[in-house]
Amino acid sequence: MVRTKILGLSLLASVFAFAGCSEKTETPAANPEGQAETHSEDSPDHAPHGTGPNGGVVFDLGKYHAEFTVDHSKETVMVLILGDDEKTTTAIDAEEFTLSIKESNTADGTTVEPMTITLKPEDATDGKASKFVGSDPGIGNVADFEGTVVGEIDGKPSQGEFKE
């Protein structure tokens, strides 16, 4: 009888010990002060992007979608801010973005040096724009560009990565 009571108490203590471990704790803020807003295309609830409305590559820029396009003849690049449908433009409060393009190669093997390009808003209304444009002679090279866009959107650091 004593053995049964000890076994019962041991079992009961084990149940309470495991029940106490299931207490939920709050997770830290998703975007601590000063860190850039991003969301990952690799997350399981994020669908892959298609081609943008101008034929460019769509990528995540902070909490927004954006399209990266190149005009080789004018040596310009454009980042267009898009809505959730990845087709319509969305005006945002941003003064500029910095576009960093990695070294790449043209089809004939010519090396295209890395570039850093400042993108300025075009056609801004009430301090908001959806189109940001910049230029560099290196953009005249026909290559698959890859890089990063960083800046502040609505006063919060934001960044995104693209790859043609």
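Computed from a predicted model, the values in this text were never measured in an experiment.
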- Query: Would L119 and E96 count as a side-chain contact (heavy atoms from CB on, under 4.5 Å) if you check the C-alpha gap in whole Å, the side-chain angles of each, and the deciding distance to 0.1 Å?
  - Reply: CA-CA 6 Å; L119 303 176; E96 68 180 27; over 6 Å; no

- Task: Just grab all the ring-ring contact (aromatic ring centres under 6.0 Å, His included) pairs involving residues 109-130, residues at least two apart or on different chains.
- Result: none

- Message: Tell me whether M78 shares a hydrophobic cluster with V58, the cluster being built from Ile, Leu, Val, Met, Phe, Trp, Tyr side chains joined at under 4.5 Å.
- Response: yes

- Task: Keeping to residues at least two apart or across chains, list the salt bridge (Lys or Arg N to Asp or Glu O under 4.0 Å) pairs with something in residues 138-147.
- Result: K102-E146

- Note on the structure: Contacts of D123 meeting side-chain contact (heavy atoms from CB on, under 4.5 Å) (sequence neighbours excluded), chain-then-number -> none

Would you mind writing out the side-chain donor-acceptor pairs for residues 109-118 within the sub-3.5 Å range, not counting sequence neighbours?
unit_1: T110; atom_1: OG1; unit_2: D108; atom_2: OD1; d: 2.8
unit_1: T111; atom_1: OG1; unit_2: N105; atom_2: OD1; d: 3.3

If you look only at distance, which donor and acceptor atoms sit under 3.5 Å apart when one is on a side chain in residues 126-140 and the other is two or more places apart or in another chain?
unit_1: K131; atom_1: NZ; unit_2: E122; atom_2: OE2; d: 3.3
unit_1: D136; atom_1: OD1; unit_2: G138; atom_2: N; d: 2.7

- Task: List in chain and number order the residues that pass side chain to side chain donor-acceptor pair (under 3.5 Å) with E164, two or more places apart in sequence or in another chain; answer none if no residue qualifies.
- Result: none

- Message: Rounded to the nearest 0.5 Å, what separates atom CG in L80 from atom CD in E67?
- Response: 6.0 Å

- Task: Could you pull out all residues at least two apart from A66 that satisfy side-chain contact (heavy atoms from CB on, under 4.5 Å)?
- Result: F59, L61, V79, I81

- Message: E95: which residues meet the salt bridge (charged side-chain N to carboxylate O under 4.0 Å, His left out) condition with it, sequence neighbours left out?
- Response: none

- Query: For D71 and S73, what are the C-alpha separation, side-chain angles and deciding distance, and is it a side chain to side chain donor-acceptor pair (under 3.5 Å)?
  - Reply: CA-CA 6 Å; D71 185 332; S73 64; 2.8 Å; yes

- Are any of the side-chain heavy atoms of Y64 and I153 separated by less than 4.5 Å? yes

- Message: Please enumerate all residues that pass side-chain contact (heavy atoms from CB on, under 4.5 Å) together with V142, with sequence neighbours excluded.
- Response: H72

- side chain to side chain contact (heavy atoms under 4.5 Å, CB included) partner of F145, chosen from V70, V77, L99, V57: V70

- Message: Under the rule for salt bridge (charged side-chain N to carboxylate O under 4.0 Å, His left out), what residues qualify as partners of K74, not counting sequence neighbours?
- Response: none

Compile the donor-acceptor pairs under 3.5 Å between side chains in residues 87-94 and protein atoms, sequence neighbours left out, one pair per line.
unit_1: K87; atom_1: NZ; unit_2: T51; atom_2: O; d: 3.0
unit_1: T88; atom_1: OG1; unit_2: D85; atom_2: OD1; d: 3.1
unit_1: T88; atom_1: OG1; unit_2: D85; atom_2: OD2; d: 3.2
unit_1: T90; atom_1: OG1; unit_2: G83; atom_2: N; d: 3.2

- Qualifying residues under side chain to side chain donor-acceptor pair (under 3.5 Å), relative to K163, sequence neighbours excluded: none

- With the side chain counted from C-beta on, respond yes when N54 and F68 share a heavy-atom pair under 4.5 Å apart, and no when they do not. no

